[in-house]
Each structure stands twice: as structure tokens, then as C-alpha cells.
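We're numbering straight along the sequence, starting at 1. All ligand and atom numbering here is 1-based and tracks the order in the structure.
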Amino acid sequence: MTQTPLDPTPTSRSGLRGWLLAAVAVAALVAFFALLPTPKADRPAADAAATDLPSDTFAVVGVRLFDGERVLPRCDVLVRDGRVAAVAEHLEIPSGVPTVDGAGRTLLPGLLDAHVHTWGDSLADALRFGVTTVFDMFTDPQYAAEVRRRQAADGNPGAADLFTAGLLATVAGGHGTQFPIRVPTVDPGVDADAWVAARLAEGSDYVKIILEDGSSLGHPIPTLSAARVAELAAAAHRHGVLAVAHVGSAAEARLAMEAGVDGLVHLFLDADPGVGTTGSVAHSIADAGAFVVPTLTVLESLAGGHGGAELADDPRLAAALSREQSGQLRRTFGLPPQPGLSLDNALDTTRRLATLGVPILAGSDAPNPGTAFGASLHRELELLVTAGLTPVEALTAATSAPADAFGLDDRGRVAPGLRADLLLVAGDPTTDVTATRDRVAVWKLGRPAPLQASEPDAAPGAAAPAVEAGLVSDFDDGLSARRGAGWQVSTDRRMHGESTAEIAAVDGHLQVTGEIAAGFPFPWAGAIYFPGDAPMQPVDLSALGGVAFRARGAGGPFRLMLLGAAQGGMPATASFAAGDDWRRVVVPLADLPADLDQVGAVLFSGGPGLGPFRLEIDDVELLASDADGGQR
Ligand SMILES: [Zn+2]
């Protein structure tokens with residue numbers, strides 16, 4: 001079997017590797033910010049925008065209906081107590097039941113995104129865009145369990161429903177372990193059945209298995225053997241759940257099929273070496289009866305496309321995008337073109353799979369660079385049509401197909417008895433699939449959802465105050481700061497992590513002692529500084545040049561992280577060393593991929609390595625952009 005050669009330059013290798021890890025990194029950050037105080041309580045009520053839509057019991061009349069499979073040109077749909085009660089060309093609407101005019105509009109099932117990594121506010125973000133259910137492919141089980149409790153209690157009306165793989169199956173040193181994430185690896189001697197049972201006990205709905213040998217990365221990384229993948233898939237099946245696989249290449253897709261997995265949660269950018277023959281990967285997938293989540297959106301971004309930025313510029317979506325989402329969509333992987341790898345290959349494979357009758361599921365892999373929760377599913381629909389699916393086939397991929405593939409019989413269609421998870425749009429997405437972006441209403445269990453972000457990207461007056469360069473703290477007067485809300489200790493303990501830290505002003509400097517422990521998937525412990533007037537209140541650092549401080553310590557390296565003001569923002573991280581002797585450290589802000597005009601905190605943390613550490617810092621200052629930043 002031929003392998004597509006790859007550009008072996010270190011830059012492209014590390015870049016590609018970075019992509020493959022991005023989803024893991026994001027998953028590892030789940031709920032990172034839940035621990036931090038935020039000004040979120042001051043936000044306007046999230047559902048304020050939705051109050052003019054009827055709730056629970058209502059009818060949509062005279063509407064074009066895509067019911068999850070077919071298009072019905074004119075329908076009345078009656079919703080009672082959050083469930084679809086009746087669907088017919090003409091219904092006698094009981095008096096007193098509020099109606100919504102469907103003329104010129106299309107009603108669809110709420111959309112299902114079959115590949116995401118959930119964290120922070122992402123489920124609420126998804127709902128604004130009509131995504132009422134997501135299938136998560138790696139997140140923190142504790143976070144997922146908390147969401148599931150809310151789902152069970154009251155339907156979690158302000159957020160999409162979550163189903164999750166929880167932690168993923170990989171080997172020591174394999175994809176998914178490059179961060180100090182507590183992933184129980186499936187190493188020699190580990191019983192596959194016991195591993196699967198442990199995931200299900202944590203709340204996993206299905207099992208995700210990593211097949212990633214690095215051959216398409218230009219350098220090998222350890223991965224599960226085909227035999228192990230088969231053991232895990234068989235164990236999942238014994239426990240009555242699905243086994244899905246991450247693959248990075250056509251060859252790995254074939255291995256996954258031979259091992260008996262039920263679905264692939266990515267396609268690949270290399271060409272199917274057997275294209276045009278019955279030996280193609282597409283045929284082996286079809287023969288296995290598996291489903292495929294192509295995730296064309298993230299592959300497009302990986303291949304250097306700018307579909308995310310196009311999405312951010314679409315006026316139909318702009319008001320629904322939070323600032324942070326808009327930033328994510330405009331982010332890129334920054335990779336050079338890779339010989340032999342292209343989105344065209346993935347589009348071609350998608351078309352072949354569809355032709356062979358393989359169930360195609362729409363999935364975005366949000367929030368990887370160039371993607372955002374909810375919004376990116378609309379790009380995925382467009383790319384599925386680009387690949388050759390009809391608009392109706394693409395809409396099926398985001399509704400009934402994922403419901404069927406994951407065995408959910410209460411959603412994915414508009415039919416009597418099912419959940420009233422509904423999306424009402426202007427126009428006709430069954431002929432122009434981008435019309436799904438023109439949202440008129442989103443209901444989850446019959447309850448209307450907001451269509452606009454509470455902090456929309458375009459919100460006027462959202463600018464944060466600028467902070468001037470100068471000394472922050474010299475710790476000669478304890479832990480005081482000359483500006484901002486000052487210093488606090490910050491650890492992962494409230495996320496049930498086990499890292500510890502103590503901070504104190506000692507001999508005119510800040511001393512942090514602690515231990516990074518593998519309790520929480522993204523362990524941290526250290527000292528956090530809030531530059532705004534209140535903790536996490538955003539400030540604008542974009543005119544500044546860097547953060548400088550003196551440091552010494554043991555047990556490093558250490559991390560400086562800029563935390564975005566928006567909850568759920570990705571911390572931009574710089575690593576720094578500190579040894580026995582004091583040295584001056586300068587972290588140029590230009591090196592940090594952060595929204596510098598919305599910084600909520602600066603965290604000085606131990607790690608990412610596990611173990612005890614001592615970090616002492618002094619003379620923390622914000623540098624002007626023209627400061628030399630050199631030694632002094
Ligand atoms: Zn993913």
C-alpha cells in the first residue's frame with residue numbers, strides 16, 4: 001500500500017503534529033475557567049432575545065418541512081409540552097395555541113454535530129446556531145457528568161445536549177498523551193474489557209480509539225496495534241456501545257475497518273490509494289457497514305483554507321458569534337502546503353462514500369483553529385454539498401443520520417412523539433444549504449433559544465480599558481500590586497484536581513511552592529494576577545510589548561499564561577525556565593496567540609511536567625512595545 005510522502009521539514013512536522021494535538025489540548029482545557037471568578041454574572045440574561053417566540057406548546061403553520069429525510073412543501077407542525085404532537089399538510093390548530101408563520105420558511109430538526117470537543121460555554125454557543133445535540137469525541141468525564149446531570153434534571157434548555165466518548169483509548173506516548181493529561185492508556189497488560197468498563201462507569205456513551213502511527217506526520221509515534229483496536233472494539237460491543245476511531249490516513253482507516261470499529265470520526269487528507277477499484281478504502285468502509293464523520297471543516301482549515309473566516313464574515317451569523325468564536329474562526333493552523341495532502345482528497349473520498357451508501361454524518365471538530373461551536377456545522381453542510389452530496393443529503397447528515405448512527409430515536413427527525421428540537425430558517429436550505437444560517441427560531445424541547453450572543457462580536461462599547469506599561473509588583477510591600485485586582489493563588493483543586501500551591505511574599509519577592517499532580521486533565525498550580533479592576537475583568541494589553549519579571553526556582557520549566565476575559569477562552573501559554581540564580585525573563589506578547597485586547601489574567605504556573613516545584617518571581621512589569629526587553 002502506498003503512503004503519500006510528506007514534506008519532512010521540521011516546521012511542517014511540528015505544525016501538523018500541532019493540529020493533531022489541538023483537539024486534545026482543547027479537551028484538556030475543559031472547565032479550566034470554571035474555577036476562575038469572572039464578571040459573567042453581569043452579562044445580560046441569555047434568553048432575553050428569545051422571549052417573543054412561543055414556548056412548549058405552539059404550532060408552526062404553512063411551513064416547508066425537512067423532516068430529517070424528506071422535504072414536504074407545505075406542512076403544519078403542532079408542538080405540545082415540548083414534543084412534536086402532530087405533523088400534517090393541514091392541521092386543526094386548537095384555539096389558544098400560539099402559531100408561528102411558516103410562509104417562505106423551512107422547518108428542520110435541530111442539528112446534530114457528530115464531532116466536537118466540549119468545554120466552557122460551548123454547548124450554549126452551539127445552540128444559538130441551531131445545533132441541539134453534539135457528540136463529543138474527547139472531554140473531561142467530570143465535566144461531562146455535570147452537564148449530563150443538568151440534562152437529566154431539566155433538559156438543560158440553554159445548551160445543546162451532550163453525548164460523549166469521555167477519555168480516549170491510546171497508548172503511552174501516543175496521540176493524546178503529549179500533554180500531561182490523565183488519560184489511562186491501553187498499554188501491554190491492560191485488559192481492554194476492563195478499560196472499556198471503566199470508561200462506561202465514568203459516563204462515556206461510546207468508545208473512541210486512536211489510530212495514529214505518525215506515518216503521515218513524517219515521524220513515527222506509538223499507536224495501538226490493530227489487534228488491540230480489535231480488542232477494544234469487541235469490548236465496546238460486548239458492553240453494548242459503539243466503537244469509533246480517529247484515523248490520520250487512508251491506511252489507518254482501512255486498519256480501523258479490519259478491526260471492527262463502527263465509525264470513523266475523521267476523514268484524511270491523503271488520497272485513497274485504492275481509488276477506482278473495489279480495493280479502495282471507501283469500499284472497505286462500505287463493506288464494513290461503518291459510518292463516517294468527514295469533518296471537512298477542520299480538514300479545510302488544516303489544509304490552509306479560510307472557510308472559518310468566510311463564516312465569520314457571513315452577516316447571517318455575525319450577531320450569533322461571540323467575540324471569542326469570531327477569533328477562533330479567524331485562527332489558522334498556519335501550516336505550509338503539504339505535498340500529497342489536500343482537501344480535494346477528502347472531498348473526493350466523501351463523495352465516493354456517499355455513492356456507496358455509507359452513512360455520512362456532519363461534524364465540525366470544533367473548536368480547533370478555524371472552527372467554532374455551532375457556526376462551523378453550517379460550513380460543514382456547505383462542504384458536504386461541495387463534495388457532491390445534495391443539500392437534502394447534507395441536511396440528513398446533520399439530522400437523522402447521526403441520530404440513527406448513535407442509536408437515538410428521540411431526535412433527528414420531526415415526527416410525532418419526538419423531542420421538539422427544531423430549527424426554523426428563512427428560505428429553502430433544501431436547495432441552497434447555506435440558508436440554514438438564516439435562523440428565525442431555535443427550539444430545544446419546545447423552548448426557544450437565543451439567536452444572538454450575549455457578548456456578540458460586533459457589540460459596541462465592548463472595548464476594554466488599555467493598561468499602561470510599568471511596574472506591576474516588586475513584592476516589597478507583600479502581595480500588593482500597583483494596578484489591577486492583584487494576586488491570588490490558583491490551582492486545579494476546585495476541578496477535583498490534586499495540584500497544590502501556596503503563595504507568599506518572602507524577602508521582597510513572590511514565592512510560589514507547590515506540586516503539579518495528575519488529578520485534573522489539565523493540571524496547574526501557581527499565582528494569578530488580575531490586571532483589571534476586578535478578577536477576570538478584561539483589559540487591553542495590545543499596545544504593550546511584553547511581560548517581564550525576574551525569576552528563579554526549581555522543578556521547572558514553568559508556564560506563563562494569558563487568560564482571555566471570555567470564559568472558556570484558550571489560555572495562550574509561554575514556557576520559561578528558572579534555575580538557582582535570578583534571571584530576567586521577558587515574554588514578548590507578540591509570541592502569545594491571544595486576544596490581547598481582552599486579557600483577564602496572567603497566570604504563573606508550574607508544569608506542564610508533574611512534580612513539586614518552587615518558583616520565585618520579582619519585579620513583574622508590563623513592557624512598552626518599544627522597550628528593549630533585554631537583560632539589565
Ligand atoms: Zn476531534
Under the salt bridge (Lys or Arg N to Asp or Glu O under 4.0 Å) test, which residues partner Arg351, sequence neighbours left out? Asp348
So, Arg128 side chain and Ala320 main chain: donor-acceptor pair closer than 3.5 Å or not? yes
Is His266 close enough that one of its N/O/S atoms sits under 2.8 Å from the Zn ion (ligand 1)? no
With the Zn ion (ligand 1) as the point of reference, which N/O/S atom of Asp365 is the closest? OD1
Applying salt bridge (Lys or Arg N to Asp or Glu O under 4.0 Å), can you list everything that pairs with Asp136, at least two apart in sequence or on another chain? none
Return yes when at least one N/O/S atom of His246 is nearer than 2.8 Å to the Zn ion (ligand 1), and no when none is. no
In terms of side-chain geometry, is the basic nitrogen of Glu258 or Arg254 positioned less than 4.0 Å from the acidic oxygen of its partner? no
